[in-house]
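These notes concern the structure reproduced below.
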Amino acid sequence: MANDASTVFDLVILGGGSGGYAAALRGAQLGLDVALIEKNKLGGTCLHNGCIPTKALLHAGEIADQAREADQFGVKTSFEGIDIKGVHKYKDDVIAGLYKGLQGLVASRKVTYIEGEGRLSSPTSVDVNGQRVEGRHVLLATGSVPKSLPGLEIDGNRILSSDHALTLDRVPESAIILGGGVIGVEFASAWKSFGTDVTIIEGLKHLVPVEDENSSKLLERAFRKRGIKFNLGTFFQSAEYTENGVKVTLADGKTFEAEVLLVAIGRGPVSQGLGYEEQGVAMDRGYVLVDEYMRTNVPTISAVGDLVPTLQLAHVGFAEGILVAERLAGLKPVPIDYDGVPRVTYCHPEVASVGITEAKAKEVYGADKVVALKYNLAGNGKSKILKTAGEIKLVQVKDGAVVGVHMVGDRMGEQVGEAQLIYNWEALPAEVAQLIHAHPTQNEALGEAHLALAGKPLHSHD
């Protein structure tokens, strides 16, 4: 603990989630004296209430589906149901192992870790546990919490947030999921695998509406095949308890009933009552405003992660935290190209992308300057072996670089690494086509798509 009033840290970080701890680790590595303040558990939302636990549930659901469907592979097995206590133990063991490792990392880098609820008390200090922690620079990284709508009270009983859903002590017989973005479709996928009757309500016209429209349509087709129901294009109006569950009414008067309602309309910044506005930090709708180097309008204060209006992804938080630490250590980091960040929705099938959509490319470059190509996974041997369906769609500036890679299918999240390199290195289709991709792999589908875009398709039609 920093109990010496004369101690002034190089960097005081408020929030120990992805952005905060990444800045702490990189800052300490570069010789900065760092204090890291966290009111809950080191690792934040991603480790304890987000990325890691949801993917554990999805993997458990995948195992359940494999057990049900083993006959089609010539394997005799039986599915006897979900042991939800066992699922939670598996999930919690994964979290515990990563949490212990992260605690060890922070200690090994000699970061001063302070557990307690902090509040910005000046442009260079944070108050926590009755003491003032002074720093030459302060990094705000207080993250986000699940959002709701006016008049819709999340009670943790029948109307749930994602936090509640992660610790639910039963598999609900039926569920309405309000929101068809990443959080909504991931829970829909996991619960359907567990045996829940799922209906998604999305006010916009497609599921995962920020993705390329082709990806959304492919996911909708796959969800229909799985028996996941959804209602698109009409907004939520109200929710009320029934004798045995919840009834949801939409703006057009249509109603839906289920045992539980999961509110999955996104996450909002944690910034109220933390002293930000009092210290003159510029804000908008609760978000802290920053420039491309994560600097606020106050010279001694930066902000990263879900607290700022950039992509709400753990790996974006890591990158932003590292950028701040390197800037403060005197290096010259390059601003983040947010279009170049890989995005993955880990439902079944997975949706993965990097770069811009076809619609955005036409807006930026002009419709006559954009070429799009779709490669169906039906032509990929490994995908046939796995019995997954989907497509890889490439968006190219005519006679130029590939500016978007959009993939739908099982395990497509594992292919987004190469897609990221293709976009960020501004690769031409012919350059990617020269690379030899291992056969049979799903990664090979990326190579095949670029072969086709380069005008020399192999396992696909002209």
Side-chain angles (χ1 to χ4, degrees), residues 55 59 62 66 72-74 211-212 214-215 217-219 222 313 315 318-319 334 336-358 360-361 365 369-462:
K55 279 42 171 188
H59 185 60
E62 182 183 1
Q66 288 176 344
Q72 64 181 301
F73 300 99
E211 294 291 342
D212 190 272
N214 186 65
S215 295
K217 289 178 176 178
L218 287 168
L219 180 63
L313 298 168
H315 44 289
F318 296 151
V334 177
I336 296 164
D337 173 6
Y338 290 97
D339 287 333
V341 171
R343 305 171 295 273
V344 185
T345 304
Y346 294 89
C347 50
H348 167 52
E350 291 182 351
V351 180
S353 62
V354 67
I356 59 177
T357 65
E358 181 180 0
K360 181 68 175 176
Y365 300 103
K369 296 288 196 298
V370 173
V371 178
L373 178 136
K374 298 175 186 175
Y375 176 79
N376 197 302
L377 293 183
N380 176 255
K382 188 61 180 285
S383 295
K384 292 286 276 188
I385 290 166
L386 294 172
K387 290 186 177 286
T388 187
E391 286 180 355
I392 290 178
K393 177 179 176 178
L394 305 179
V395 180
Q396 178 200 13
V397 178
K398 194 172 184 180
D399 299 324
V402 173
V403 295
V405 181
H406 306 276
M407 305 180 283
V408 177
D410 288 345
R411 306 186 184 181
M412 285 298 106
E414 302 302 323
Q415 312 312 320
V416 83
E418 183 181 359
Q420 177 184 212
L421 295 178
I422 290 166
Y423 171 86
N424 284 289
W425 284 347
E426 300 178 353
L428 302 175
E431 292 172 329
V432 182
Q434 288 179 331
L435 304 175
I436 299 173
H437 293 73
H439 174 78
T441 63
Q442 286 186 290
N443 179 244
E444 184 183 14
L446 260 178
E448 292 272 359
H450 283 84
L451 279 167
L453 195 55
K456 48 180 185 181
L458 185 61
H459 295 101
S460 60
H461 297 289
D462 290 322

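It should be emphasised that the depicted structure is a prediction, and the values quoted were computed from it without experimental measurement.
No donor-acceptor pair closer than 3.5 Å links the side chain of H450 to the backbone N or O of L394. Within the 3.5 Å criterion, the main-chain N or O of R411 finds no donor-acceptor partner in the side chain of E414. At distances below 3.5 Å, not a single donor-acceptor pair connects side-chain atoms of N380 with backbone N or O atoms of E444. The backbone N or O of V370 lies less than 3.5 Å from no partner atom in the side chain of E358, so there is not a single donor-acceptor pair. Without hydrogens or angle criteria, H406 side chain to I356 main chain gives a donor-acceptor distance under 3.5 Å. Checked by atom type and distance alone, the side chain of T441 pairs as donor or acceptor with a backbone atom of A438 at under 3.5 Å.
Nearest heavy-atom pair across G390 and N376 is O-OD1, 3.5 Å. Contact between A452 and S460 at its shortest, heavy atoms only, is CB-OG, 3.9 Å. When every heavy atom of L446 is checked against every heavy atom of A419, the shortest pair comes out as CD1-N, 4.0 Å. Closest of all the heavy-atom pairs between S353 and V416 is O-CG2, 3.8 Å. The minimum heavy-atom distance between S215 and V351, with the atom names listed, is CB-CG1, 4.1 Å. When all heavy atoms are compared, the tightest approach of Q442 to S383 is NE2-OG, 3.2 Å.
Residues V402 and V432 fail the side-chain proximity criterion, which asks for heavy atoms closer than 4.5 Å. No side-chain heavy atom of L373 sits less than 4.5 Å from a side-chain heavy atom of Q396. D337 places a side-chain heavy atom less than 4.5 Å from the side chain of N424.
From Q415, atom CD reaches atom NE2 of H437 across 9.0 Å, with rounding to the nearest 0.5 Å. The line from OH of Y375 to CE of M407 is 14.0 Å long, rounded to the nearest 0.5 Å. Atom CG of L219 and atom SG of C347 lie 4.5 Å apart (nearest 0.5 Å). Distance CG/N214 to CD1/I392: 12.0 Å, rounded to 0.5 Å. E350 contributes atom CD, which lies 10.0 Å from atom NE2 of H348 (distance to the nearest 0.5 angstrom). Taking CD of E211 as the reference point, atom NZ of K217 lies at 15.0 Å (rounded to 0.5 Å).
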Checklist entry - Yes or no on side chain to side chain contact (heavy atoms under 4.5 Å, CB included) for K387 and F73, after CA distance, side-chain angles and deciding distance? => result CA-CA 10 Å; K387 290 186 177 286; F73 300 99; 3.8 Å; yes

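Other residues, nucleotides and ligands contribute more than 12 heavy atoms inside 6.0 Å of the NZ atom of K55. The environment of Q66 atom CD is dense: over 12 non-hydrogen atoms of other residues, nucleotides or ligands sit within 6.0 angstrom.
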